Amino acid sequence: MQAVGLQTHIWANNTRSIVLLAMFPVLLVLVLYGLQLVLMGFGIIPGSGGTLGDDMALAGRMLGWTVPAAAVMAAIWFAIAYFGSQAMIDAMTGARKVERRDNPELYNLLENLAISRGMQTPTLRIIETEQLNAYASGLHEGRYSVTVTRGLINTLTRDEVEAVLAHELTHVINKDVRTMVIASIFAGILSVMAELVFRGLFFARGGRGNKNAGPLILIGIAIAAIGFALAFVIRMMLSRTREFVADAGAVELTKNPDAMISALRKIEGRSTLKAPDEVQGMFLDNQPEKAGIMGLFATHPPIPKRIEALVKFGGGRDSGPWSSQAYTPSTSVPSAG
């Protein structure tokens, strides 16, 4: 059903995110099953001694203990992410914490938005780069952060900066910051398992003691590859979905769709930041030169499509591509030295 307003647009996208995220456990089982078939084919784990169907049935029964083992591994992975995710993200992006005294106007913009929603103000961080970008991070109240680049502060007007902060704060309010962390963890687990499947091709000597070795290995690799590819695509789809929702949320917070649109116009083509794929999926914008077939592997929707949604659902006006010659420094948020 087509969304007919901002709130409906948010509900539709959040529902889609929940459905997509719920598929990760299914894909975990799929990749585990493929891994077991490959290991059985190589003779690393014993087969049934019967037909190919018997071996595949045995691999299915093994899931009764391999799935709980994978769940334990996921719990360990979650613990690592819980305690160390922000420090790792800061190290990858070069972000540093900013106090109110460092940039009071920027800090106040974020604080006022947080107060308007009755929530604790996230920690503010800045990346010293002339690129224009931002992201939210963290797992729960008291550990959320909003990070912006120096280039964004210096280039955008006060209203545009406020719109960007509102966009990132919406990620926090909607808890999709947490969703992306969970999705990245699941994708990481699936990546490790898929890698184990393919590494088995190089370290095992192949099919000793199993007459069904060839078919088992081929079927297992195919199943694991499908599971891994689907997990990657789902993570990308989650990232694209959340950006439309956050754009809509920024309009709800600021009541100023034009500011969000003009901010996106200025950010377009000027947002490149080096970071791992999982972190780039959290950025306000990430438009690599090569995003795969029909943008299937793009982490973000194209900015023109986001602007189109803001015009359609938020009633905003698009003045077209931005030129740096139109920039007026006096309207920007003052930057700290």
Side-chain angles (χ1 to χ4, degrees), residues 77 80-111 113-114 121-140 142-156 160-172 176-178 180-181 183-185 187-188 235-236 239 242-243 246 263-264 266-291 298-300 303 324 327 329 332-337:
W77 210 301
I80 294 172
Y82 181 86
F83 291 106
S85 59
Q86 189 61 58
M88 288 187 286
I89 292 172
D90 289 346
M92 294 170 188
T93 62
R96 64 175 180 83
K97 186 177 179 180
V98 176
E99 303 291 349
R100 186 193 300 274
R101 62 179 177 273
D102 299 319
N103 198 320
E105 185 167 355
L106 181 65
Y107 192 97
N108 288 340
L109 283 176
L110 180 61
E111 184 179 57
L113 289 169
T121 305
T123 302
L124 182 63
R125 286 177 161 83
I126 290 179
I127 302 174
E128 296 296 340
T129 174
E130 290 307 309
Q131 294 297 308
L132 279 61
N133 222 318
Y135 62 87
S137 54
L139 289 169
H140 64 77
R143 298 189 65 171
Y144 290 123
S145 290
V146 170
T147 303
V148 297
T149 64
R150 180 68 66 188
L152 186 138
I153 298 170
N154 291 342
T155 304
L156 270 57
E160 291 163 352
V161 171
E162 183 182 43
V164 169
L165 294 176
H167 172 105
E168 299 306 331
L169 196 62
T170 299
H171 286 315
V172 174
D176 61 15
V177 170
R178 184 185 304 167
M180 285 302 295
V181 171
S184 296
I185 291 170
R235 186 161 60 88
M236 296 302 98
S239 183
R242 69 198 285 271
E243 295 309 320
L264 288 173
K266 291 181 179 180
I267 290 166
E268 187 175 13
R270 303 169 182 85
S271 62
T272 304
L273 287 178
K274 292 183 179 179
D277 291 341
E278 290 79 7
V279 178
Q280 290 185 13
M282 301 168 66
F283 289 168
L284 174 67
D285 180 53
N286 178 40
Q287 300 294 332
E289 293 182 3
K290 297 181 180 180
T299 61
H300 288 59
I303 281 182
S324 59
Y327 169 52
S332 64
V333 174
S335 60

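Since we're looking at a predicted model, the values are computed, not measured.
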J.: How long is the span from the CZ atom in F283 to the CG atom in L132, to the nearest 0.5 Å?
T.: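 The CZ atom of F283 sits 13.0 Å away from the CG atom of L132.
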
J.: What are the two closest non-hydrogen atoms of L169 and P122, and how far apart are they?
T.: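 Smallest heavy-atom distance, with atoms named: CD1-CG, 3.6 Å.
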
J.: List in chain and number order the residues that pass salt bridge (charged side-chain N to carboxylate O under 4.0 Å, His left out) with R143, two or more places apart in sequence or in another chain; answer none if no residue qualifies.
T.: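 Partners of R143 by the salt bridge (charged side-chain N to carboxylate O under 4.0 Å, His left out) criterion come out as none, since no residue qualifies.
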
J.: Scan N286, T272, D285 and name whichever one has a side chain to side chain donor-acceptor pair (under 3.5 Å) with Q280.
T.: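 Only one option passes, and that is N286.
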
J.: First locate atom OG1 of T155, then atom CD of E130, and finally report the distance between them rounded to the nearest 0.5 Å.
T.: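 Those atoms lie 7.0 Å apart.
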
J.: Set out, in order, the CA-CA distance, both residues' side-chain angles and the distance that settles side-chain contact (heavy atoms from CB on, under 4.5 Å) for V164 and I267, then state yes or no.
T.: CA-CA 10 Å; V164 169; I267 290 166; 4.2 Å; yes

J.: Which residues pass the side chain to side chain contact (heavy atoms under 4.5 Å, CB included) test with M88, not counting sequence neighbours?
T.: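 Applying side chain to side chain contact (heavy atoms under 4.5 Å, CB included) to M88 gives M92.
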
J.: Suppose we screen for salt bridge (charged side-chain N to carboxylate O under 4.0 Å, His left out). Which residues come up paired with K97, at least two apart in sequence or across chains?
T.: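 So K97 forms a salt bridge (charged side-chain N to carboxylate O under 4.0 Å, His left out) with E99.
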
J.: Going through the checks in order, is the side-chain contact (heavy atoms from CB on, under 4.5 Å) test met by V98 and L106?
T.: CA-CA 10 Å; V98 176; L106 181 65; 5.7 Å; no

J.: If the condition is side chain to side chain contact (heavy atoms under 4.5 Å, CB included), which residues does S145 pass it with, not counting sequence neighbours?
T.: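 Applying side chain to side chain contact (heavy atoms under 4.5 Å, CB included) to S145 gives Q86, T123, R125, S137.
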
J.: Mind checking what makes side-chain hydrogen bond (donor to acceptor under 3.5 Å, both in side chains) contact with N133, not counting sequence neighbours?
T.: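 In terms of side-chain hydrogen bond (donor to acceptor under 3.5 Å, both in side chains), with neighbours along the sequence ignored, N133 is linked to no residue.
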
J.: Could I get the full list of salt bridge (charged side-chain N to carboxylate O under 4.0 Å, His left out) partners for E160, not counting sequence neighbours?
T.: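 Only K266 meet the salt bridge (charged side-chain N to carboxylate O under 4.0 Å, His left out) criterion with E160.
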
J.: T93: which residues meet the side-chain hydrogen bond (donor to acceptor under 3.5 Å, both in side chains) condition with it, sequence neighbours left out?
T.: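 Only Y135 meet the side-chain hydrogen bond (donor to acceptor under 3.5 Å, both in side chains) criterion with T93.
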
J.: I'd like to check the side chain to side chain contact (heavy atoms under 4.5 Å, CB included) partners of T129; sequence neighbours left out, ordered by chain and number.
T.: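 Listed in chain order: I127, Q131, T149, L273.
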
J.: What residues, two or more places apart in sequence or in another chain, satisfy side chain to side chain contact (heavy atoms under 4.5 Å, CB included) together with A166?
T.: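 Counting only residues at least two positions away or on another chain, A166 forms a side chain to side chain contact (heavy atoms under 4.5 Å, CB included) with L113, A250, L253, T254.
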
J.: For the pair M282 and H171, evaluate side-chain contact (heavy atoms from CB on, under 4.5 Å) and give the outcome as yes or no after the intermediate values.
T.: CA-CA 9 Å; M282 301 168 66; H171 286 315; over 6 Å; no

J.: Dump the intermediate steps for side-chain contact (heavy atoms from CB on, under 4.5 Å) on V177 and R242, then the final yes or no.
T.: CA-CA 9 Å; V177 170; R242 69 198 285 271; 4.3 Å; yes

J.: Quick check: do T121 and L110 have side-chain heavy atoms less than 4.5 Å from each other?
T.: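 They are in contact (side-chain heavy atoms under 4.5 Å apart), so the answer is yes.
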
J.: First locate atom CD1 of I126, then atom CG of N103, and finally report the distance between them rounded to the nearest 0.5 Å.
T.: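 Interatomic distance, I126 CD1 to N103 CG, rounded to 0.5 Å: 5.5 Å.
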
J.: Rounded at 0.5 Å granularity, tell me how far CG in L152 sits from CG in L284.
T.: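 Between L152 CG and L284 CG, I get 7.5 Å after rounding to 0.5 Å.
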
J.: Checking H167 against E243 for the side chain to side chain donor-acceptor pair (under 3.5 Å) test, could you report, in this order, the C-alpha distance in whole Å, the side-chain angles of both residues, the deciding distance, and whether it holds?
T.: CA-CA 8 Å; H167 172 105; E243 295 309 320; 2.8 Å; yes

